[in-house]
S.K.: 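Can you keep this structure in mind? I'll have questions shortly.
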Amino acid sequence: MENQEFEPKIVAFVCNWCTYAGADLTGTSRIKYGANVKIIRFPCTGRIDFMLLMKAFENGADGIIISGCHPNDCHYSTGNFHARRRWVVFRNLLNFSGIDTERIQFSWVSAAEGFKWADVVNNTIEKVRALGPYENYKKINVPTLFAKEDNNE
Amino acid sequence: MSDILINKVKQLLSDKAIDIFIGHGEGTGGRIRPIFVRTPEDAEQLIFNENCKQSWANYLLKPEVKAAGKIGMMATKHALRAMMQLASEFQIKDNEVLALYWDNNELKSSADFKEIEAYLASQNHDILPHEQEMIDKLNAMTTQERWDFWQKEYEKCIKCYACRSACPMCYCHHCAAEGNQPQWIPVASHQLGNMDWHLMRAMHLSGRCINCGACAKVCPMHIPLNLLTYNLITPIQQEFGAIAGMKHDATYALSTFKTEDKENFIL
């Protein structure tokens, strides 16, 4: 394990109408980007609950990308505006409680921006690679009722 | 002060202006507890002194209290702000709750939102200096130091949810913490579940917190969890110009938006 280079796990929460289509375009345009990213498709950025970010970290993500339509470009007119306010507040809260907001990348990627999507993903991967695994979260002790088999040895 | 209050409540109850009055009463060991007065005779138990700082606003929406009829309440500044915030969330109507409050040693009574707003506008609503100091201290720390600080605090949490019960803004009939499909918050009180709970609580109260501090006061483990929501008050006010509990017709900061909202972190 130690000799291998750390490969960050990135979870991307994207909206169906812009970024998901944009990521599709990246693929059909044959643009290569990191395979570290797991894309989860949502109807709209407004649907991306802040708790999902917590759950992503809980389940071993080292970094998170959240992306949707540009302002004024939302399929549902206002979803991304609502989301933007929520992120401003949530980012503030995460920062205050000591969660590394450097690991969370917010972006607007439209369905025509295949290149931008590849850039966002690659840059995030590099940023998180430099930060290393999210040890703080991985070290959280969750006692279970039954003793876990020790697989670390 | 108590005599003026008792006479006023007696009169209100005998005039049938209110059916139930929520006020401060004597608890065990010199503590203050809420009492619910329904008859003029019971009003004798009411007290009011410098220790009566508690807000009873979280009783306003309890079905068992509402069932009694028209509610009167001894209101502190925080209780009045809670009332305004509840009104803005369509939980209480104008002239539904009669609030009694002290304005320069004069007992005033009002159920009119406009009057209460005018009174609130004349008051200072800043958070306490030692709380602001603590927030500034935390904000000056590194991310890792803040993480360590809060993990140590969350570790103490026993998930009694007293913070939720005391909060006048936590009135959902079905709290997300109890939901198990999906299970957002682990039931057991371990580090992860505690952190999830406190962050979710803070986020659900962001832009709604009226900085009454009830959550931290009732916490049996003395977690300074009020700081989580207090810290969000300034940015929300600065970024969105919204302040909770000052206007009965205010819009919740996170349920609205402006196309020109600013942010500096989205690519």
Side-chain angles (χ1 to χ4, degrees), chain A residues 45-46 49-55 57-58 65-68 70-72 74 77-109 113 116-117 119-120 123-124 131 135-137 139-145, chain B residues 135 138-139 141-151 153-155 176 182-186 188-196 198-200 202-207 225 227-232 234-236 239-240 242 252-267:
Chain A
T45 37
D49 194 298
F50 61 90
M51 283 306 285
L52 292 164
L53 277 69
M54 312 290 301
K55 294 288 149 187
F57 280 137
E58 239 173 86
I65 297 172
I66 298 185
S67 185
H70 285 266
N72 288 319
C74 179
S77 314
T78 58
N80 53 359
F81 287 124
H82 286 287
R84 183 166 66 179
R85 279 208 169 188
R86 193 184 312 144
W87 297 340
V88 169
V89 175
F90 190 52
R91 206 166 161 275
N92 224 305
L93 175 65
L94 288 182
N95 202 12
F96 187 65
S97 51
I99 290 170
D100 196 354
T101 42
E102 290 285 296
R103 293 176 183 275
I104 308 175
Q105 180 63 60
F106 296 90
S107 66
W108 308 125
V109 173
E113 293 176 322
K116 185 178 175 183
W117 175 248
D119 277 351
V120 167
N123 292 342
T124 311
L131 289 166
E135 291 295 348
N136 272 349
Y137 238 97
K139 269 191 282 190
I140 289 181
N141 177 30
V142 181
T144 46
L145 190 56
Chain B
I135 289 178
L138 276 162
N139 277 324
M141 288 181 181
T142 63
T143 310
Q144 185 61 43
E145 282 169 344
R146 273 199 296 272
W147 171 270
D148 293 338
F149 172 86
W150 283 111
Q151 285 305 315
E153 294 295 339
Y154 296 150
E155 211 169 51
Q183 181 111 41
W184 289 118
I185 309 290
S189 95
H190 50 58
Q191 244 177 315
L192 188 67
N194 293 350
M195 177 167 71
D196 278 355
H198 286 290
L199 290 181
M200 189 190 76
M203 194 59 196
H204 285 177
L205 286 168
S206 61
L225 71 165
L227 300 182
L228 287 172
T229 45
Y230 287 10
N231 178 55
L232 296 173
T234 324
I236 289 176
E239 310 268 338
F240 314 135
Y252 172 42
L254 296 190
S255 72
T256 180
F257 66 89
K258 286 199 184 92
T259 46
E260 63 271 18
D261 281 338
K262 291 269 174 294
E263 103 312 295
N264 55 7
F265 55 88
I266 307 180
L267 281 183

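First the proteins, then the strands, lettered A, B, ... as listed; each starts at 1. These figures come from a predicted structure and were not determined experimentally.
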S.K.: Evaluate the salt bridge (Lys or Arg N to Asp or Glu O under 4.0 Å) criterion for residues Lys55(A) and Asp49(A): first the C-alpha distance (whole Å), next the side-chain angles of each, then the deciding distance (0.1 Å), finally the verdict.
M.R.: CA-CA 10 Å; Lys55(A) 294 288 149 187; Asp49(A) 194 298; over 6 Å; no
S.K.: Which residues pass the ring pair (Phe, Tyr, Trp, His ring centres under 6.0 Å) test with Trp87(A), sequence neighbours left out?
M.R.: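 Expected list: Phe106(A), Trp108(A).
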S.K.: Can you say whether Phe81(A) sits under 4.5 Å from chain B via the side chain, the backbone, both, or neither, judging by heavy atoms?
M.R.: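 When you check distances to chain B, atoms from both the backbone and side chain of Phe81(A) fall under 4.5 Å.
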S.K.: Regarding Gln144(B) and Asn136(A), is there a side-chain donor-to-acceptor distance under 3.5 Å anywhere?
M.R.: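 Checked: Gln144(B)/Asn136(A) side chains pair up, N/O donor to acceptor below 3.5 Å.
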S.K.: Measure Tyr154(B) against the heavy atoms of chain A and call it side chain, backbone, both or neither at under 4.5 Å.
M.R.: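 The side chain, not the backbone.
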S.K.: Report the residues that fulfil side chain to side chain donor-acceptor pair (under 3.5 Å) with Gln151(B), sequence neighbours left out, ordered by chain and then residue number.
M.R.: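 For Gln151(B), the residues satisfying side chain to side chain donor-acceptor pair (under 3.5 Å) (neighbours in sequence not counted) are Gln191(B).
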S.K.: Specify the closest pair of heavy atoms between Gly68(A) and Thr45(A), including all atoms of both residues, with the distance to one decimal.
M.R.: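 Minimum heavy-atom separation between Gly68(A) and Thr45(A): CA-CG2, 3.5 Å.
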S.K.: Is Met203(B) close to Arg86(A) at the side-chain level, that is, under 4.5 Å between some pair of heavy atoms?
M.R.: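 Yes. Closest side-chain heavy atoms under 4.5 Å.
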S.K.: Is it the backbone or the side chain of Glu102(A) that comes under 4.5 Å from a heavy atom of chain B, or both, or neither?
M.R.: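 For Glu102(A), no heavy atom lies under 4.5 Å from chain B.
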S.K.: Contact part of Met51(A) toward chain B, heavy-atom cut-off under 4.5 Å: side chain, backbone, both or neither?
M.R.: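 Met51(A) touches chain B through backbone and side-chain heavy atoms alike.
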S.K.: Only pairs of heavy atoms separated by less than 4.5 Å count here; which of Thr78(A), Val120(A), Asp100(A) has the most with chain B?
M.R.: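 Ranked by contacts with chain B, first place is Thr78(A).
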S.K.: Look at Lys258(B), His198(B), Met141(B), Glu153(B) and state which one has the largest set of heavy-atom pairs under 4.5 Å with chain A.
M.R.: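 Of the candidates given, the most pairs with chain A belong to Lys258(B).
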S.K.: Is there side-chain contact between Asp261(B) and Arg85(A), with heavy atoms separated by less than 4.5 Å?
M.R.: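 Yes - at least one pair of side-chain heavy atoms lies under 4.5 Å apart.
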S.K.: Would you mind telling me which of Ile66(A), Asn92(A), Leu93(A) has the largest number of heavy-atom pairs within less than 4.5 Å of chain B?
M.R.: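 Answer, by heavy-atom pair count under 4.5 Å with chain B: Leu93(A).
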S.K.: Measuring heavy-atom distances to chain A, does Ile236(B) have an atom under 4.5 Å in its side chain, in its backbone, in both, or in neither?
M.R.: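 Just its side chain gets close to chain A.
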S.K.: Under 3.5 Å, is there a donor-acceptor pair linking the side chains of Asn95(A) and Arg146(B)?
M.R.: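 Yes, side-chain donor-acceptor contact under 3.5 Å.
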S.K.: Where on Ala253(B) is there a heavy atom nearer than 4.5 Å to chain A: the side chain, the backbone, both, or neither?
M.R.: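 Both backbone and side chain.
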S.K.: Quick check on Trp150(B) against chain A: is it the side chain, the backbone, both or neither that has a heavy atom closer than 4.5 Å?
M.R.: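 Side chain only.
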S.K.: Ring centroid separation for Trp147(B) and Tyr137(A), is it under 6.0 angstrom?
M.R.: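 So the answer is yes for these two rings.
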S.K.: For Leu199(B), which atoms come within 4.5 Å of any heavy atom of chain A: side chain, backbone, both, or neither?
M.R.: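 Answer is both: backbone and side chain atoms of Leu199(B) are under 4.5 Å from chain A.
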S.K.: Which region of Ser255(B), side chain (C-beta onward) or backbone (N, CA, C, O), has a non-hydrogen atom less than 4.5 Å from a non-hydrogen atom of chain A, or is it both or neither?
M.R.: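 The backbone, not the side chain.
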S.K.: Under 4.5 Å heavy-atom distance to chain B, tell me which part of Leu52(A) shows up: side chain, backbone, both or neither.
M.R.: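 Both backbone and side chain of Leu52(A) come within 4.5 Å of chain B.
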S.K.: So what's closer than 4.5 Å to chain B heavy atoms on Asp119(A): side chain, backbone, both or neither?
M.R.: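 For Asp119(A), no heavy atom lies under 4.5 Å from chain B.
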